[in-house]
Amino acid sequence: MGDSTVRNGGEGNLQRGWGNFLQEFFDSSRLNVSNQAMAGRSNRTFLKEGRWDKVLSTLQPGDYVIMQFGHNEGSVPDTTRAGYRGVLRGMGEETKELIWPDGTKETVHTYGWYLEKFIQDTKAKGATPIVASMIPRNKFQNGEVERANQDFGKWAREAARRHGVPFLDLNTLIGDQYDTWGPEVVKRLFEKDHTHTNEAGARINAWSVTQGIKT
C-alpha cells in the first residue's frame, strides 16, 4: 500500500511504481502480491477514503503488509486542494480539526499516528506489517541524492521500532545506489519529473525492496 511511487501507469502513462513489478521477484506458487497502492494518496487520505478498510477486510493470519508513504504528506492540512492530503508532522498525538464546506468535520493526525494505526490494525489481524521509508526522488545536491532521514523516513523508522516490526529503509537502500551511479545515470530512470520512475527505475526499486526483505 502506498502512493504513485508504488503503483502507477496505464494507457499513455509511462510512469511505473515498484509494486507493479514486485510479483516477478517472488515464487508465485507460494506468495501472491496484491498491489493496493493508489496514486496521489497520503496515509491520511488512504485511510479517509476507505482504502485501508478494504485492505484490512482481506487480511488473514500469515499475510504481510508493506506500507510506504511520505511523498504526498508534506502540505499543511486544510480544506484547500493543496491541503486535502497533508498531515501534521512528526509522531505525536496532536491533532487539527477541519470543517469542510459541506459541514463535515475531520480530525487530522500526525504522519506517525496514521502509520501506527496501520501497524496495529495489521497485527490485530495476525498479519505482519512491514514499514518502508519513501523512495528517494531524483534530486541531487553536491553529488548526493537528497534523503528523507530527518522527516518522513525518520518517522517511518520510529513507527516500526515502537511496535517491533520490520523496517525497509528504501530511502537509504535506493539512495546509496543513486549516489554511486550519479545524476546523469539516475535521470534515465525517471519519467517526466523527479518523483515518478519509468519501468527500468521501478524494476530496480522492486529489486531493492526484495533485498531489504532478505536482510
Side-chain angles (χ1 to χ4, degrees), residues 1-10 13 15-74 77 84-88 91 95 104 106-135 152-153 155-171 195-197 202 205-206 208-210 212-213:
M1 48 190 285
D3 50 42
S4 57
T5 64
V6 184
R7 181 185 180 190
N8 210 339
N13 180 3
Q15 297 173 348
R16 295 292 184 273
W18 56 259
N20 291 69
F21 304 102
L22 194 60
Q23 181 72 70
E24 299 175 4
F25 294 88
F26 291 101
D27 181 351
S28 59
S29 68
R30 299 175 61 193
L31 186 146
N32 176 63
V33 175
S34 176
N35 189 354
Q36 295 296 320
M38 181 60 63
R41 270 58 186 182
S42 62
N43 54 13
R44 168 190 163 196
T45 53
F46 200 89
L47 175 64
K48 179 181 178 180
E49 295 174 359
R51 299 182 187 280
W52 173 236
D53 288 339
K54 177 183 176 182
V55 172
L56 197 60
S57 69
T58 69
L59 291 186
Q60 301 178 29
D63 287 346
Y64 296 86
V65 182
I66 304 177
M67 51 192 76
Q68 183 224 271
F69 291 97
H71 284 282
N72 296 318
E73 282 80 357
Y84 82 100
R85 58 188 183 182
V87 300
L88 300 180
M91 295 289 300
T95 61
T104 59
E106 180 187 2
T107 301
V108 179
H109 300 270
T110 62
Y111 174 81
W113 185 93
Y114 291 102
L115 276 188
E116 290 191 86
K117 175 174 175 54
F118 298 153
I119 292 169
Q120 292 169 323
D121 287 352
T122 300
K123 294 176 75 172
K125 283 280 192 171
T128 300
I130 301 177
V131 180
S133 57
M134 56 191 280
I135 65 169
F152 295 110
W155 301 325
R157 180 189 297 274
E158 186 173 340
R161 182 183 294 122
R162 280 188 184 183
H163 296 274
V165 301
F167 176 63
L168 294 180
D169 192 357
L170 300 184
N171 202 250
T195 301
H196 300 99
T197 52
N205 290 345
S208 296
V209 170
T210 65
I213 290 174

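Quick note: numbers below take in every heavy atom, side chains included, and nothing from hydrogens, waters or symmetry partners. When a residue number appears, it is its place in the shown sequence, counting from 1.
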So, the side chain of [X] versus the backbone of [Y]: is there a donor-acceptor pair under 3.5 Å, distance only?
X	Y	value
His71	Gly2	no
Thr95	Val108	no
Arg7	Ala37	yes
Asn35	Val6	yes
Thr45	Arg41	no
Arg44	Tyr114	no
Glu73	Gly70	yes

Taking all non-hydrogen atoms of both residues, which atom of Pro129 and which atom of Met67 are closest, and how far apart?
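Looking at all heavy atoms of both residues, the shortest contact is CB-CE, 4.0 Å.
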If you take all heavy atoms of Trp155 and Tyr111, which pair is closest and at what distance?
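So the minimum-distance heavy-atom pair works out to CB-CD2, 3.7 Å.
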State whether Asp121 and Lys125 are salt-bridged, where the test is any N-O pair (Lys NZ or Arg NE/NH1/NH2 against Asp/Glu carboxylate O) under 4.0 Å.
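So Asp121 does not pair with Lys125 through a salt bridge.
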Asn171: what forms a side chain to side chain contact (heavy atoms under 4.5 Å, CB included) with it, not counting sequence neighbours?
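Result, side chain to side chain contact (heavy atoms under 4.5 Å, CB included) vs Asn171: Ser133, Met134, Pro136, Arg147, Ala148, Asp169.
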Side chain to side chain contact (heavy atoms under 4.5 Å, CB included) partners of Ala160, counting only residues at least two apart:
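Scan of Ala160 (side chain to side chain contact (heavy atoms under 4.5 Å, CB included), adjacent residues dropped) gives Val131, Val165, Phe167.
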Look up atom OG1 in Thr195 and atom CD1 in Ile135, then write down how far apart they are to the nearest 0.5 Å.
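Rounded to the nearest 0.5 Å, the OG1-CD1 separation comes to 8.0 Å.
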Apply side chain to side chain donor-acceptor pair (under 3.5 Å) to Ser57 and list each qualifying residue two or more places apart in sequence or on a separate chain.
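Testing Ser57 for side chain to side chain donor-acceptor pair (under 3.5 Å), a comparison that skips the adjacent residues, returns none.
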Could you list the residues that satisfy side chain to side chain donor-acceptor pair (under 3.5 Å) with His109, not counting sequence neighbours?
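Applying side chain to side chain donor-acceptor pair (under 3.5 Å) to His109 gives none.
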Name each donor-acceptor pair under 3.5 Å that joins a side chain in residues 21-28 to protein atoms two or more places apart or in another chain, with its distance.
{"residue": "Gln23", "atom": "OE1", "partner": "Val33", "partner atom": "N", "Å": "2.7"}
{"residue": "Gln23", "atom": "NE2", "partner": "Leu31", "partner atom": "O", "Å": "3.1"}
{"residue": "Glu24", "atom": "OE1", "partner": "Arg203", "partner atom": "NH1", "Å": "2.4"}
{"residue": "Glu24", "atom": "OE2", "partner": "Arg203", "partner atom": "NH1", "Å": "3.1"}
{"residue": "Asp27", "atom": "OD1", "partner": "Ser29", "partner atom": "N", "Å": "3.0"}
{"residue": "Asp27", "atom": "OD1", "partner": "Ser29", "partner atom": "OG", "Å": "2.6"}
{"residue": "Asp27", "atom": "OD2", "partner": "Ser29", "partner atom": "OG", "Å": "3.3"}

What residues form a salt bridge (Lys or Arg N to Asp or Glu O under 4.0 Å) with Asp63, not counting sequence neighbours?
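Here no residue qualifies.
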Say whether Asn8 and Asn13, considering side chains only, have a donor N or O and an acceptor N or O under 3.5 Å apart.
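Their side chains do contain a donor-acceptor pair, which is all the 3.5 Å distance test asks for.
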Can you see whether Trp18 engages Gln68 through a side-chain donor-acceptor pair at a distance of less than 3.5 angstrom?
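Yes, because at least one side-chain N or O of Trp18 sits under 3.5 Å from a partner of the opposite role on Gln68.
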